[in-house]
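Structure first, commentary second.
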Protein chains: 2
Amino acid sequence: MTNPTTTRDPDLTRLRIMDAATDLFVAHGFSSVTMSQLAKAAGVTKSLIHHHFGSKEKLWEAVKEHAFEQYFRAQMEMLQEAGEPDAALLRESVVAYFHYLQANPSAVRLFAWTHLEGDTSCGDMDAQLMGAGAEWVRQAQKRGLLRADVNPAHLVATFVMTCTQWFEARCHHQHWPGMGDDEAFLDDFLKIFMEGVVPRD
Amino acid sequence: MTNPTTTRDPDLTRLRIMDAATDLFVAHGFSSVTMSQLAKAAGVTKSLIHHHFGSKEKLWEAVKEHAFEQYFRAQMEMLQEAGEPDAALLRESVVAYFHYLQANPSAVRLFAWTHLEGDTSCGDMDAQLMGAGAEWVRQAQKRGLLRADVNPAHLVATFVMTCTQWFEARCHHQHWPGMGDDEAFLDDFLKIFMEGVVPRD
DNA sequence: ATGCTAACTGGTCGGCCGGTCAATTATTTT
DNA sequence: AAAATAATTGACCGGCCGACCAGTTAGCAT
């Protein structure tokens, strides 16, 4: 039988390092986090991190790749669960995306760091996702359920970027006068966005 | 008379350091830039940077403050030049803001770095700016020129954040399939946004 | 049981980090 | 002209950085 109090568990160790690294990198970015901090946070020695990941840079890559995969999978699921495209479903998609980002603040910050680094390693997955989203919109346009005079990619980008920026720059605009909470903003954004994407009678 | 080829010019030196520091910080962020890099880029010694700015952190603060001031002044001018609020002028404001960011990519990146750092030092200026923008919208709403059922701050935030994110994450979404260039996106965004903010007949 | 592989540790290293300081040179003040 | 002030330099510092390595130990295949 397997020993539950086994002294060594490389998979768990890797996981613990990844988790600690994710927290630290998300909070402070790659370059201002040191191996000593990482080791201390993960409860292991610096050498062990090198043993499992090779270098600080490779650990960072692993953290990013893992986060992208999670994001990609979640978004693909949401897209595939969506049925026949129409305006109501688009609205639901925006709400779902907004709430996904709300529930995964570390993903938002990780994306922001990678944007600034100019990292495009997530390009393929992201392009695939956006392509699917745009195609979804294009079908709704063909059926006359969404206005057809806007580039589908731009339509998707508009709501994706607004949701992203809302959480990315939260520390900034949460102090702006008159700003409401997450739900209040989402409501108002949807009022504007949905009115702007449905066809005029 | 003043000697044009004078060997010492502390103001120019400060400026050269600030310029070099702005470039480097904007490109790589605060913590991954070293004093040696800064000194080399500015054509001065490390010690001289310390002499003029005290520390790396204080130089960073100076760079940010300067950028914020420039941004603040430019936006305030744009706001004050704007006349009686109505939908057409809102459209022009969005276009002007978009083009300002397009022409000042380093400002965009600097904001992004500070967002991630959680820096709120520009809070006062920014709140003032947003307050003025929201007030501008509120007046248009009172006159029935913009729909009144959305929080003015949210309306302004919507287009500000979209423009910001467009340039902030450019390296990311410029590879998305079907995406047009800056002007094409702006056009489509305005189609959606303007349709969403004008009152229904 | 015994050897092999891989997980894991502690110690250590060269290098570069941000920062300091005394000395020198240019500019301004008196 | 001389004294005071400020700009600028180069040499130098302690400390920590990421990385490495020799050695130890646990798990596993045979």
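In what follows, every chain begins at residue 1, and chains take the letters A, B, ... in the order their sequences are listed. These values consider heavy atoms only, across backbone and side chains, with no hydrogens, waters or symmetry-generated copies.
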**Asked** Among side-chain atoms of B:Trp113 and B:Asp119, is any donor-acceptor pair under 3.5 angstrom?
**Response** no
**Request:** Mind telling me whether B:Phe167 and B:Phe98 have parallel, tilted or perpendicular rings, with 30° and 60° as the class edges?
**Result:** tilted
**Message:** Just by distance, no angles: are the side chains of A:Glu61 and A:His66 close enough, under 3.5 Å, to form a donor-acceptor pair?
**Reply:** no
**Prompt:** Which salt bridge (Lys or Arg N to Asp or Glu O under 4.0 Å) pairs, counting each pair once, include a residue from residues 83-98 of chain B, with sequence neighbours left out?
**Reply:** B:Glu84-B:Arg143
**Request:** For the pair B:Phe25 and B:Phe30, name the ring-plane relationship: parallel under 30°, tilted 30 to 60°, perpendicular over 60°.
**Result:** tilted
**Request:** For B:Lys56 and C:dC16, give me the distance from atom NZ to atom C1', rounded to whole Å.
**Result:** 12 Å
**Asked** In whole angstroms, how far is the P atom of C:dG18 from the CZ atom of B:Phe53?
**Response** 16 Å
**Message:** Please tell me if B:Ser36 has a side-chain N or O lying less than 4.0 Å from either OP1 or OP2 of C:dC16.
**Reply:** no
**Asked** Which is it for A:Gln165 and A:His172 under the side chain to side chain donor-acceptor pair (under 3.5 Å) test, yes or no, and what are the steps along the way?
**Response** CA-CA 10 Å; A:Gln165 186 68 9; A:His172 200 202; over 6 Å; no
**Interatomic distance where CD belongs to B:Glu57 and P belongs to C:dC17 [whole Å]** = 16 Å
**Request:** Answer yes if the ring centres of B:Phe193 and B:Phe189 are under 6.0 angstrom apart, and no otherwise.
**Result:** yes
**Asked** Going by modelled atom types, is there a donor-acceptor pair between the base of C:dT25 and the side chain of B:Arg8 at under 3.5 Å?
**Response** yes
**Message:** Does C:dT27 have OP1 or OP2 under 4.0 Å away from a side-chain N or O of B:Thr7?
**Reply:** yes
**Asked** Near DNA chain D, which residues from residues 10-35 of chain B have a heavy atom under 4.0 Å away?
**Response** B:Pro10, B:Thr13
**Item:** Those residues of residues 37-52 of chain A lying under 4.0 Å from DNA chain D by at least one heavy atom
**Value:** A:Lys46, A:Ser47, A:His50
**Prompt:** Counting distance only, does the side-chain N/O of A:Lys56 pair as donor-acceptor with the main-chain N or O of A:Val33 below 3.5 Å?
**Reply:** yes
